[in-house]
*Asks:* 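For reference, the structure I am asking about is given below.
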Amino acid sequence: MTNTIAYDIPASLVAAFHGRKAIVRSPDPAELVENVTDLDLGNISFIKLLSLNGGIGALMAWGHGIPVDLVVSDPCRDLPLLYRYAPLLAVHPLRVSVPLVPGFGNVVKLAVSLNFAVKVEGGQPDEALTDEMQRIAQFYLHQTMVSEPVEFFHSLFMAFYHRDPVTLWAIQEEDPSLNRFITERGEEKLPGRLAGVESTQGFFAFLRELRNGLATGTDECAGCEFLLQCMGYFKWPRREYRCSGVKALMQTLRSAAEELRADMASLPSPEGEPI
Ligand code: SF4
């Protein structure tokens, strides 16, 4: 298969990455619209708006139906700015990316009420944040008004439901075999939280240890019931991070998925047999 890596590129480098799968980013909506030509549209996964302070006029008029990722940097400051993007939903699918910091849950709830998808970014939450994550997981699982995915809860829930081997690295767009980050100067880096890692070798060696069940120095992973889906995601970058909170969160999602599987299995098929 070709073209499987998505490159997260600044808008100024769109021409240099022509023909390759790309995520195009800029703080300026007008710069995004100016740089992404009709020729590039087929290869654009989505565009990433790094600041919510600009107007929506340029993107409203663009009208290509390309998904737009609204990047929240500060939940408290950016929360009220989300309202102004609601009309954009008529033209583009919208997602809000919010960092895993105190107050992220308020952004999730507002985004959901506006029918935006959500991605929560970050790892190694402290105890207060894992409590907030649990509350948001319950909100995602039980509120009927949630019509768009809240990641990573949604994909992890689906992975448990379908018993798929998808990992959090892939769900969070941080799997180096699927995503790369390109700096303003055109340098290629690993994606997401791995962007500061100079060498890919250290990271891949870490993953190899986990896959081989060796997990030297990461005993918690070696015996973890969520290793298949997590693959050490919460042990990066600090291996000494203790996972009790995030494991409880994954348990919540897995229990809900198993409950749904059991409910579905008990439903009669059109022939009258359980499905
Ligand atoms: S939840 Fe923690 S212990 Fe389990 S696989 Fe993930 S990082 Fe390792």
*Asks:* Quick one: do Glu173 and Lys119 make a salt bridge, cutoff under 4.0 Å?
*Replies:*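 Between Lys119 and Glu173 there is a salt bridge, with a charged N closer than 4.0 Å to a carboxylate O.
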*Asks:* Can you confirm whether Glu148 sits close enough to Phe116 that some side-chain heavy atom of one is under 4.5 Å from a side-chain heavy atom of the other?
*Replies:*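 No, side chains not in contact.
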*Asks:* Decide whether Gln251 and Arg254 meet the rule of one side-chain donor and one side-chain acceptor closer than 3.5 Å.
*Replies:*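 Judged by distance alone, the side chains do pair up.
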*Asks:* What I want to check is whether the side chains of Tyr233 and Glu174 have a donor and an acceptor closer together than 3.5 Å.
*Replies:*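 Glu174 and Tyr233 do have a side-chain donor-acceptor pair below 3.5 Å.
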*Asks:* Is a salt bridge present between Lys247 and Glu225, judged by a nitrogen-to-oxygen distance below 4.0 Å?
*Replies:*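 No, Lys247 and Glu225 are not salt-bridged.
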*Asks:* Can you see whether Thr252 engages Gln134 through a side-chain donor-acceptor pair at a distance of less than 3.5 angstrom?
*Replies:*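 Side-chain D/A pair, Thr252 to Gln134: present.
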*Asks:* Quick test of your reading of the model: are Asp8 and Arg180 salt-bridged, counting only N-O distances below 4.0 Å?
*Replies:*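 A salt bridge is absent here (no side-chain N lies under 4.0 Å from a carboxylate O).
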*Asks:* Do we see a donor-acceptor contact under 3.5 Å between the side chains of Asp28 and Ser26?
*Replies:*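 Asp28 vs Ser26: no donor-acceptor pair found between side chains.
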*Asks:* Nearest 0.5 angstrom please: Leu94 CG to Leu82 CG, how far?
*Replies:*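 Separation between the atoms: 10.0 Å.
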*Asks:* Is Arg163 atom CZ crowded by more than 12 heavy atoms from other residues, nucleotides or ligands, each under 6.0 Å away?
*Replies:*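 No, because the 6.0 Å sphere around CZ of Arg163 holds 12 heavy atoms or fewer from other groups.
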*Asks:* Between Glu240 and Lys235, does at least one N-O distance fall below 4.0 Å, as a salt bridge requires?
*Replies:*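 Between Lys235 and Glu240 there is no salt bridge, as every charged N stays at least 4.0 Å from the carboxylate O atoms.
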*Asks:* Looking just at side-chain N and O atoms, do Asn115 and Ser147 make a donor-acceptor pair shorter than 3.5 Å?
*Replies:*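 Yes, because at least one side-chain N or O of Asn115 sits under 3.5 Å from a partner of the opposite role on Ser147.
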